[in-house]
Amino acid sequence: MSPHLLTDGIILRKIKRSQHRKQILPLVLFAIFFWLSIMLNRPQVAQILSILALIWYFRIALGFRLHPKIPLPEPDTVYVPANGKVTALKTSGDLTQITIHKKFSDRVDIRCPKTGALWDSDDLVLNNPRMRISFAGKHLIRLPEAKMRTGEVIAYMPGKATCTIRLPANIPCALKVGSICESGESRITLPGNSMDIIDN
């Protein structure tokens, strides 16, 4: 058995097509400004604009990074669905809330935190353990054809965003403030943790 989980090729191509569509405009602008820089007597402005268009093109590529494979997930473990850095971890009463900030350059893949997770609008909900994961960002693109199994790519989210995880306070959390999270690889909980239920 392979020690890695491979991302479905259809999903990879769908995400890359989305990237390429966004890159069409800067590529066209680069071609126009590059042509003008050759044709004009004073090409400096056109040269600068062509460089800016090229930077825009590669910036889009940077914002669509994803891994085609991750280490094979362990059963009975809940994983972080999004990439980013833990910026806050607060416990109030019987609830713990974890905030993860995703930078523009962080990977775009949103992965299923655990088999059996369900979409509730743009939130992910787990029943065992009782957990709700919310996303706040301009672009969250769900993939209806994705399998809701641990570690599988189920959506993608280019650009800056925030991921908020709410879980019972009595479940030991594997994250701490400052932790760098990798989707489908960083653990929220470990195998054998309590599976107590809370109300949302």
Side-chain angles (χ1 to χ4, degrees), residues 1-9 11-12 15 65-103 106-137 140 142-157 161-200:
M1 177 183 258
S2 170
H4 292 94
L5 175 66
L6 302 178
T7 301
D8 188 295
I11 288 175
L12 282 174
I15 295 172
R65 293 187 310 111
L66 75 158
H67 283 179
K69 64 180 181 180
I70 60 170
L72 200 64
E74 297 178 7
D76 300 323
T77 300
V78 184
Y79 291 89
V80 175
N83 293 272
K85 181 178 181 180
V86 177
T87 56
L89 197 159
K90 300 177 182 178
T91 298
S92 177
D94 60 358
L95 186 70
T96 294
Q97 180 169 300
I98 306 159
T99 303
I100 298 170
H101 176 68
K102 178 188 177 298
K103 297 185 296 186
D106 286 327
R107 284 165 34 200
V108 297
D109 44 313
I110 303 297
R111 293 180 180 268
C112 185
K114 189 174 187 288
T115 299
L118 298 171
W119 286 108
D120 179 14
S121 185
D122 284 338
D123 291 358
L124 281 170
V125 177
L126 283 77
N127 288 319
N128 190 16
R130 187 75 169 169
M131 191 178 297
R132 179 173 288 270
I133 302 170
S134 305
F135 302 96
L140 174 65
R142 290 166 51 180
L143 299 165
E145 67 273 32
K147 302 177 182 72
M148 296 299 283
R149 294 198 303 242
T150 307
E152 295 284 355
V153 177
I154 56 174
Y156 60 102
M157 187 167 56
T162 300
C163 173
T164 303
I165 303 166
R166 290 179 285 275
L167 72 158
N170 62 349
I171 295 181
C173 179
L175 299 173
K176 61 182 180 180
V177 174
S179 295
I180 303 300
C181 301
E182 299 286 345
S183 62
E185 299 180 52
S186 301
R187 297 171 172 86
I188 301 174
T189 68
L190 300 173
N193 283 162
S194 168
M195 295 300 176
D196 290 352
I197 293 176
I198 61 168
D199 293 325
N200 284 319

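Along the sequence shown, the residues carry numbers beginning at 1.
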Inset, instruction - Would you mind reporting whether Tyr156 and Asp109 have side-chain heavy atoms less than 4.5 Å apart? - result: no
Donor-acceptor contacts, no H, no angles, side chain residues 78-85, under 3.5 Å, sequence neighbours left out:
residue : atom : partner : partner atom : Å
Tyr79   : OH   : Glu74   : N            : 2.8
Asn83   : OD1  : Ser183  : N            : 3.2
Asn83   : ND2  : Arg107  : O            : 3.4
Asn83   : ND2  : Ser183  : OG           : 3.1

Inset, instruction - Can you spot which of Leu66, Leu140, Leu143 makes a side chain to side chain contact (heavy atoms under 4.5 Å, CB included) with Ile110? - result: Leu140
Inset, instruction - Apply side chain to side chain donor-acceptor pair (under 3.5 Å) to the pair Thr91 and Thr96, showing each step before the final yes or no. - result: CA-CA 4 Å; Thr91 298; Thr96 294; 3.1 Å; yes
Legend entry - With Asp123 via side chain to side chain donor-acceptor pair (under 3.5 Å) - residues at least two apart: Arg132, Ser134
Inset, instruction - Determine whether Leu95 and Pro168 make a side-chain contact, defined as any pair of heavy atoms from C-beta on separated by less than 4.5 Å. - result: no
Inset, instruction - Return yes if some donor-acceptor pair links the side-chain N/O of Arg142 with the main-chain N/O of Ser121 below 3.5 Å, else return no. - result: yes
Inset, instruction - Please report the shortest heavy-atom distance between Glu152 and Lys147, naming the atom on each side. - result: CB-O, 3.3 Å
Inset, instruction - Locate the shortest heavy-atom distance separating Ile165 from Ile100; write the atom from each residue and the value. - result: CD1-CD1, 3.8 Å
Inset, instruction - Measure from the side-chain N and O atoms of Thr115 to the backbone N and O of Arg149, and report whether any donor-acceptor pair falls under 3.5 Å. - result: no
Inset, instruction - Before giving the answer on side chain to side chain contact (heavy atoms under 4.5 Å, CB included), spell out for His67 and Glu185 the whole-Å C-alpha distance, their side-chain angles and the decisive distance to 0.1 Å. - result: CA-CA 11 Å; His67 283 179; Glu185 299 180 52; 3.9 Å; yes
Legend entry - Cys181 to Ser186 - nearest heavy-atom pair and separation: CA-OG, 3.3 Å
Inset, instruction - Could you check if a side-chain atom of Pro129 sits within less than 4.5 angstrom of a side-chain atom of Leu167, using non-hydrogen atoms only? - result: no
Inset, instruction - Walk me through it: do Thr87 and His101 pass the test side chain to side chain contact (heavy atoms under 4.5 Å, CB included)? - result: CA-CA 6 Å; Thr87 56; His101 176 68; 3.7 Å; yes
Legend entry - Spacing of CD1 belonging to Ile188 relative to CE belonging to Met131, to within rounding of 0.5 Å: 5.0 Å
Inset, instruction - Heavy atoms only: give me the nearest Arg111-Gly151 pair and the separation to one decimal. - result: NH1-O, 2.7 Å
Legend entry - Straight-line distance of Thr99 OG1 to Arg166 CZ, nearest 0.5 Å: 9.0 Å
Legend entry - Side chains of Leu124 and Met148 in contact at under 4.5 Å (non-hydrogen atoms): yes
Legend entry - Derivation of the side chain to side chain contact (heavy atoms under 4.5 Å, CB included) call for Ile98 and Val86: CA-CA 7 Å; Ile98 306 159; Val86 177; 4.0 Å; yes
Legend entry - Worked check of side chain to side chain contact (heavy atoms under 4.5 Å, CB included) between Gln97 and Thr164: CA-CA 7 Å; Gln97 180 169 300; Thr164 303; 3.6 Å; yes
Inset, instruction - Search all heavy atoms of Ile133 against all heavy atoms of Pro113 and return the closest pair with its distance. - result: CD1-CG, 3.9 Å
Inset, instruction - Would you name the heavy atoms of Cys173 and Leu89 that are closest together and state the gap between them? - result: SG-CD1, 4.3 Å
Inset, instruction - Taking side chain to side chain donor-acceptor pair (under 3.5 Å) as the test, write out the residues that go with Ser179, two or more places apart. - result: none
Legend entry - Sub-4.5 Å side-chain heavy-atom contact between Ile70 and Glu182: no
